[in-house]
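Structure record follows, encoded as structure tokens.
Just so it is clear, the values below take in all heavy atoms, side chains as well, and ignore hydrogens, waters and symmetry mates.
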Amino acid sequence: MSHATASTVNGMRGYLRLSPSSRSASQRRASSNARSTPKAFSDPKSAEFLAAAVSPSSIPHLIGLPEVIVTGRANVGKSTLLNAVLGRRNLLHTSKKPGRTQTLNFYRVGPPPGQLVLVDAPGYGSRGRPEWGALFDHYVENRAELRRVYILFHAKHGLNEVDRIMLSSLDEQCQASAGLKFTVQGIITKVDALRDNELEKAIKTIQKDIFDTAPTCLPPIITSALEHPHYGVEQVRQSILEACGLGRAEMKVFRPP
């Protein structure tokens with residue numbers, strides 16, 4: 001990894017209480033392997049691009065599968081993370097140039113007819129465009145199949161004012177429906193970009209900023225998807241399944257030892 005060592009990122013498991021120390025290493029590996037292939041994600045080749053929407057009128061009418069949508073500032077690592085979640089290397093195009101995603105892209109998850117739909121939204125912020133924001137807003141406000149909105153935050157950069165505006169808007173909509181329309185959850189990306197001595201403070205600060213801005217937001221998931229082994233990807237999968245009524249997920253707040 002570029003800055004944080006692999007052992008440091010793996011040590012986050014202890015912080016997050018993800019694997020009880022009372023179990024043997026072999027038990028933990030077996031448990032991790034069992035969790036790593038939930039039914040909807042067990043066959044990566046079955047994930048398939050369905051459609052792209054460039055305007056509200058072009059948002060596709062699908063077969064009623066539950067949907068989750070993922071958004072974040074441009075260059076937050078969204079495509080890299082979603083490829084890891086889907087178990088594919090390049091189903092979603094990745095680029096070092098921010099703003100590669102310019103449409104709402106719909107992906108089926110699970111063998112036909114599928115179990116859920118993952119929607120990749122264009123990035124927002126200084127690299128975004130007003131029409132992308134209008135398209136995202138229309139989808140969130142009107143999509144009956146929507147179950148959860150995931151909003152990504154770069155571990156090294158934290159939240160800026162645009163992030164807070166987006167998060168606050170989603171929180172208001174969630175509160176207005178008492179969480180019955182959709183829920184909101186943060187995902188912290190690129191923890192491998194942090195140095196060892198930055199990790200704990202950065203995560204605590206981002207978590208506090210999220211909860212201060214959006215009290216209804218579910219505890220953020222901490223991830224690293226660029227390097228191998230991935231970290232937090234399985235938690236994202238379990239969260240998606242839970243949001244879509246297809247499984248259960250543990251919600252853990254970051255607490256240092």
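Formation of a donor-acceptor pair under 3.5 Å by the Ser168 side chain with backbone atoms of Ile165 is not found in this model. Remark: side-chain polar atoms of Ser239 are not paired, donor with acceptor, to backbone N or O of Gln235 under 3.5 angstrom. One N or O on the side chain of Arg88 and one on the backbone of Ala47 form a donor-acceptor pair closer than 3.5 Å. A donor-acceptor pair under 3.5 Å is formed between the side chain of Asn83 and the backbone N or O of Leu91. Checking side-chain atoms of Ser58 against main-chain N and O of Ser55 turns up a donor-acceptor pair under 3.5 Å. Looking at Lys181, its side chain does come within 3.5 Å of a backbone N or O of Glu141 through a donor-acceptor pair. The closest donor-acceptor contact from the side chain of Ser169 to the backbone of Met166 lies at 3.5 Å or more, if one exists at all. Listed for the Tyr150 side chain is a donor-acceptor partner under 3.5 Å among the backbone atoms of Ile240. With Gln185 contributing its side chain and Pro219 its backbone, the two residues share a donor-acceptor pair below 3.5 Å. Remark: side-chain polar atoms of Asp209 are not paired, donor with acceptor, to backbone N or O of Leu159 under 3.5 angstrom.
Residues Asp120 and Ser79 come closest through the heavy atom pair OD2-OG, 4.3 Å. Annotation for Leu81 and Ala225: closest pair CA-CB, 3.9 Å, computed over non-hydrogen atoms. Taking each heavy atom of Phe106 and Leu62 in turn, the nearest pair found is CD2-CD1, 4.0 Å. Of all heavy-atom pairs spanning Phe153 and Val76, the tightest one is C-CG2, 3.7 Å. Closest heavy-atom contact between Lys190 and Ala155: O-CB, 3.7 Å. Between Pro113 and Leu65, the shortest heavy-atom contact is O-CD1, 3.4 Å.
Within the 4.5 Å cutoff, the side chain of Ser46 has no heavy atoms near those of the Phe41 side chain. Contact check for Pro215 versus Asp171: side-chain heavy atoms found under the 4.5 Å cut-off. Taking 4.5 Å as the limit, every side-chain heavy atom of Phe49 sits out of range of all side-chain heavy atoms of Leu92. Side-chain contact between Lys39 and Gln115: present, with at least one pair of heavy atoms (C-beta onward) separated by less than 4.5 Å. Residues Leu218 and Val184 fail the side-chain proximity criterion, which asks for heavy atoms closer than 4.5 Å. Contact check for Val233 versus Thr223: no side-chain heavy atoms found under the 4.5 Å cut-off. At a threshold of 4.5 Å between non-hydrogen side-chain atoms, the residues Ile222 and Tyr231 count as touching. Using a 4.5 Å heavy-atom threshold, the side chains of Ile151 and Ile187 count as separate.
Between Arg108 and Glu48 there is a salt bridge, with a side-chain nitrogen of the basic residue lying less than 4.0 Å from a carboxylate oxygen of the acidic one. The existence of a salt bridge linking Glu67 and Arg147 is excluded, since no basic side-chain nitrogen approaches an acidic carboxylate oxygen closer than 4.0 Å.
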Glu242 and Arg148: CA distance, side-chain angles, deciding distance, salt bridge (charged side-chain N to carboxylate O under 4.0 Å, His left out) verdict = CA-CA 10 Å; Glu242 180 268 329; Arg148 182 165 296 167; 2.7 Å; yes

Which is it for Glu234 and Gln238 under the side chain to side chain donor-acceptor pair (under 3.5 Å) test, yes or no, and what are the steps along the way?
-> CA-CA 6 Å; Glu234 177 55 25; Gln238 295 292 347; 2.7 Å; yes

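Follow the hydrophobic side-chain contacts under 4.5 Å out from Val54 and you never reach Phe136; the two are in separate clusters.
When Ile69, Val70, Leu167 are each tested for a side chain to side chain contact (heavy atoms under 4.5 Å, CB included) with Val149, only one passes: Ile69.
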